[in-house]
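Worksheet for the structure shown next.
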There are 2 protein chains.
Amino acid sequence: MAGLTIGKVAKGAELGIETVRFYEREGLLEPPERTASNYRIYSSQAITRLRFIKRAKTLGFTLKEIKELLSLRHNPSASKSDVKVQVEAKIDAIKQKISDLKNIQNTLETLDECCNGKGPTDDCPILKALEGVERLNGESVSR
Amino acid sequence: MAGLTIGKVAKGAELGIETVRFYEREGLLEPPERTASNYRIYSSQAITRLRFIKRAKTLGFTLKEIKELLSLRHNPSASKSDVKVQVEAKIDAIKQKISDLKNIQNTLETLDECCNGKGPTDDCPILKALEGVERLNGESVSR
DNA sequence: CTTGACCCTATAGTTGGGTGGAGGGTTTAG
DNA sequence: CTAAACCCTCCACCCAACTATAGGGTCAAG
């Protein structure tokens, strides 16, 4: 039997079998070929795609957004310029995320340098800064 | 009446009033002072904190994780080195997120340069690359 | 001194993203 | 040829994170 069964792809992407079928129902994963006995048969590409989905999820994208990212290709009714607009919007959203993450990272690093391992946390004045993180960045109007 | 009512903080943080009360119940926001008539009264710090929560959520942190981030301060029973360990773990998680986002960004930018606004999407060979994004990075074993 | 815009608690309902089981067929190692 | 380990569909259920509703009190403008 050539190709991968659903159990193999699920294991390869570190997801549950049910989750893989769920993503198929939700349109995130193309319905694969079936064997004569109705088993799903995948190529290794499917694992790639599932891992992408998994990673994008930890980055704060919803399944709907991930679906949009993935469907930037094979949309015959869209022109290249439509895609371009969408891609650029996604890039902007990602840049904003990176910038937000960097701000949090900077604050945590300051915190880390300040607290060099002795005494109770109360002593560290930088800890308070955590709550003021957003003053450091450009508060853009994202969703 | 000095201080902000819940309606003001909610508006200031672009959240619903119910969400603010929900965060209080969940321990993400300190229970504020109350007026004689039992109204919650906040300082502007509360808006700061709520905006931090909101932003962290779009970056893929769960409320539980955000609670941990916020409680890295004022935890009298923890020593500085405990906090240091936690802070460094958070920094690592954030670095991973940034790296993942940059990979996706790079792919999208390649895509964007390739498709310069004419013809159907099928013509663009780079579009296929989207599915192969994770081959570009170091596939670390994150959650 | 009322009326409309607030606020309170308590609790139920919703949405997104899965997870698990029933009931049944298939494949493969021994 | 059979038993373990898969696979299938359908459907009910779960958790996180809200969101709304009922039922009632408060406050300030006119």
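In the text below, chain A, chain B and the rest are named by the order of the sequence lines, each starting its count at 1.
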Side-chain N or O of B/Thr35 closer than 4.0 Å to phosphate OP1/OP2 of D/dT26: no
Base of C/dG25 paired with side chain of A/Tyr39 (donor-acceptor, under 3.5 Å): yes
Atom-pair distance (CG on A/Leu50; P on C/dG18), nearest Å: 11 Å
For atom CZ of A/Arg21 and atom P of D/dC7, their distance in whole Å: 8 Å
Nearest-angstrom distance from the residue atom NZ of B/Lys57 to P of C/dT15: 17 Å
Close side-chain approach of A/Ile41 to A/Arg34, heavy-atom, < 4.5 Å: no
Heavy-atom check, side chain of B/Lys67 versus side chain of B/Glu26, under 4.5 Å: no
A/Arg25 side-chain N/O to C/dT19 phosphate OP1/OP2 under 4.0 Å: no
Whole-Å gap separating P (D/dC15) and NZ (B/Lys64): 15 Å
side-chain N/O B/Tyr23 vs D/dA17 OP1/OP2, d < 4.0 Å: no
Nucleotide C/dG20, atom C1' - distance to CD1 of A/Ile17 in whole Å: 12 Å
Contact under 4.0 Å: B/Arg40 side-chain N or O vs C/dC8 OP1/OP2: yes
B/Tyr42 side chain near B/Thr5 side chain, heavy-atom distance below 4.5 Å: no
Any A/Arg34 side-chain N or O less than 4.0 Å from OP1/OP2 of D/dT9: yes
Touch class at under 4.0 angstrom, heavy-atom based, for A/Gly7 against every strand present: sugar-phosphate
Nearest to side-chain heavy atoms of A/Asn38, which nucleotide of D/dT9, D/dC7, C/dG17: D/dT9
cation_pi(B/Lys97, B/Phe61) dist<6.0 Å, angle<=45: yes
Spacing between A/Phe22 atom CZ and D/dC11 atom C1', to the nearest angstrom: 14 Å
Protein-nucleotide distance (B/Ile41, atom CD1; C/dC8, atom P), rounded to Å: 9 Å
Residue whose closest nucleotide on DNA chain C lies nearer the 5' end, A/Thr19 versus A/Ala36: A/Thr19
Distance test, side-chain N/O of A/Thr5 to OP1/OP2 of D/dC7, below 4.0 Å: yes
Value in whole Å for how far the P atom of C/dA22 lies from CD of A/Glu18: 13 Å
Any side-chain donor near an acceptor of the partner, A/Gln96 and A/Asp92, under 3.5 Å: no
